[in-house]
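Below you'll find the structure, written out as structure tokens, and then a few comments.
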Amino acid sequence: QVQLVESGGGSVQAGGSLRLSCAASGPTASTYYMAWFQQAPGKKREGVAAINSGGSTFYADSVKWRFSISKDSAKNTVYLEMNSLKPEDTATYYCAARGLYYGLGTFEPLRTPALYNYWGQGTQVTVSS
């Protein structure tokens, strides 16, 4: 069983920066993909950034060049560095994890939240203008 513990959310003014952390415990095979999703009130959960154990990274167009995802494999911890934050980045951010994908078609790490097996409790990010 994998547990994900997030930290690092908070309130910041537009243009500011925050760093989110997600520490995973449990079998590392179950955390081959680790990702961050955001969910604003009344909106669906959307993929922001993801990384796999091979080091490949994936970003939503809305955060490309502003956000950076990285992983400390020794700690099995994923980080999301968020720069140049905008009010529209305000949301609850969730860490998610899953193992290798053996289903039909190509796995797109940011597309389908339902394909992730494990979720953190969420951390709030609020960006004021």
Side-chain angles (χ1 to χ4, degrees):
Q1 187 73 3
V2 173
Q3 288 188 322
L4 303 175
V5 179
E6 301 132 334
S7 59
S11 296
V12 66
Q13 289 193 323
S17 299
L18 283 173
R19 188 194 198 203
L20 306 184
S21 299
C22 173
S25 60
T28 54
S30 297
T31 58
Y32 184 84
Y33 286 99
M34 294 186 73
W36 290 96
F37 287 79
Q38 64 177 193
Q39 188 167 22
K43 294 191 176 181
K44 65 180 183 179
R45 195 167 294 190
E46 296 182 331
V48 175
I51 188 168
N52 66 23
S53 294
S56 296
T57 56
F58 310 83
Y59 293 97
D61 288 343
S62 60
V63 305
K64 210 172 284 186
W65 315 121
R66 298 189 299 122
F67 291 11
S68 177
I69 189 169
S70 61
K71 184 175 182 179
D72 184 334
S73 297
K75 297 180 180 178
N76 208 15
T77 298
V78 169
Y79 304 97
L80 185 67
E81 191 76 38
M82 304 186 294
N83 299 310
S84 302
L85 282 161
K86 304 176 181 180
E88 50 263 45
D89 296 319
T90 295
T92 300
Y93 284 72
Y94 295 91
C95 178
R98 64 157 294 128
L100 276 168
Y101 180 72
Y102 297 103
L104 296 175
T106 301
F107 178 64
E108 296 180 45
L110 300 180
R111 185 166 184 175
T112 311
L115 290 180
Y116 283 83
N117 306 115
Y118 306 101
W119 290 88
Q121 79 283 1
T123 185
Q124 179 67 35
V125 171
T126 302
V127 185
S128 58
S129 57

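- The side-chain contact (heavy atoms from CB on, under 4.5 Å) test with Met34 is passed by exactly one of Ile69, Val2, Asn76, Asn52: Asn76.
- Leu104 and Tyr102 fall into different hydrophobic clusters, where Ile, Leu, Val, Met, Phe, Trp and Tyr side chains are chained together by heavy-atom contacts under 4.5 Å.
- One hydrophobic cluster, built from ILVMFWY side chains closer than 4.5 Å, cannot hold both Ile51 and Tyr32; they sit in different ones.
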Ser11/Gln124 under side-chain contact (heavy atoms from CB on, under 4.5 Å): CA gap, chis, key distance, verdict: CA-CA 8 Å; Ser11 296; Gln124 179 67 35; over 6 Å; no
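- The hydrophobic clustering, which links ILVMFWY residues whose side-chain heavy atoms are closer than 4.5 Å, places Tyr79 and Val125 apart.
- For the pair Glu6 (side chain) and Cys95 (backbone), a donor-acceptor distance under 3.5 Å is present.
- In the displayed structure, Gln121 atom CD is contacted under 6.0 Å by more than 12 heavy atoms of other residues, nucleotides or ligands.
- Counting heavy atoms from C-beta outward, Trp65 and Ser84 have side chains that stay 4.5 Å or more apart.
- Residues Tyr94 and Leu4 are not in side-chain contact: their nearest non-hydrogen atoms beyond the backbone lie 4.5 Å or more apart.
- Put simply, OG1 on Thr57 and NZ on Lys71 are 13.0 Å apart, with the number rounded to the nearest 0.5 Å.
- Within a 6.0 Å sphere centred on CD of Gln3, heavy atoms belonging to other residues, nucleotides or ligands number 12 at most.
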Step-by-step side-chain contact (heavy atoms from CB on, under 4.5 Å) determination, Leu20 to Met82: CA-CA 8 Å; Leu20 306 184; Met82 304 186 294; 3.8 Å; yes
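- Atom-to-atom distance recorded for Tyr59:OH and Arg66:CZ is 12.5 Å, nearest 0.5 angstrom.
- Under the 4.5 Å side-chain heavy-atom criterion for grouping Ile, Leu, Val, Met, Phe, Trp and Tyr, Tyr116 is not connected to Trp36 through any hydrophobic cluster.
- What you find for Ala91 and Ala40 is that their closest heavy atoms are CB-N, 3.9 Å.
- A donor-acceptor contact shorter than 3.5 Å is absent between the side chain of Arg45 and the backbone of Gly47.
- Considering only heavy atoms from C-beta on, Arg98 stays 4.5 Å or farther from Pro109 through its side chain.
- Looking at Thr126, its side chain never comes within 3.5 Å of a backbone N or O of Thr90 through a donor-acceptor pair.
- Rounding to the nearest 0.5 Å gives a distance of 8.0 Å between OG of Ser68 and CG of Asn83.
- Hydrophobic clustering of Ile, Leu, Val, Met, Phe, Trp and Tyr side chains at less than 4.5 Å, counting indirect connections, unites Leu115 with Phe37.
- Classified by interplanar angle (parallel below 30°, tilted 30° to 60°, perpendicular above 60°), the ring pair Tyr93/Phe67 is tilted.
- The aromatic rings of Tyr33 and Phe58 sit tilted relative to each other, their planes meeting at an angle between 30° and 60°.
- Interatomic distance, OG of Ser25 versus NZ of Lys75, reported as 15.0 Å (0.5 Å rounding).
- Using a 4.0 Å cut-off between charged side-chain N and carboxylate O, Lys86 and Asp89 make no salt bridge.
- Interatomic distance, Leu110 CG to Glu46 CD, rounded to the nearest 0.5 Å: 10.5 Å.
- Nearest heavy-atom pair across Thr31 and Ala97 is CG2-CB, 3.9 Å.
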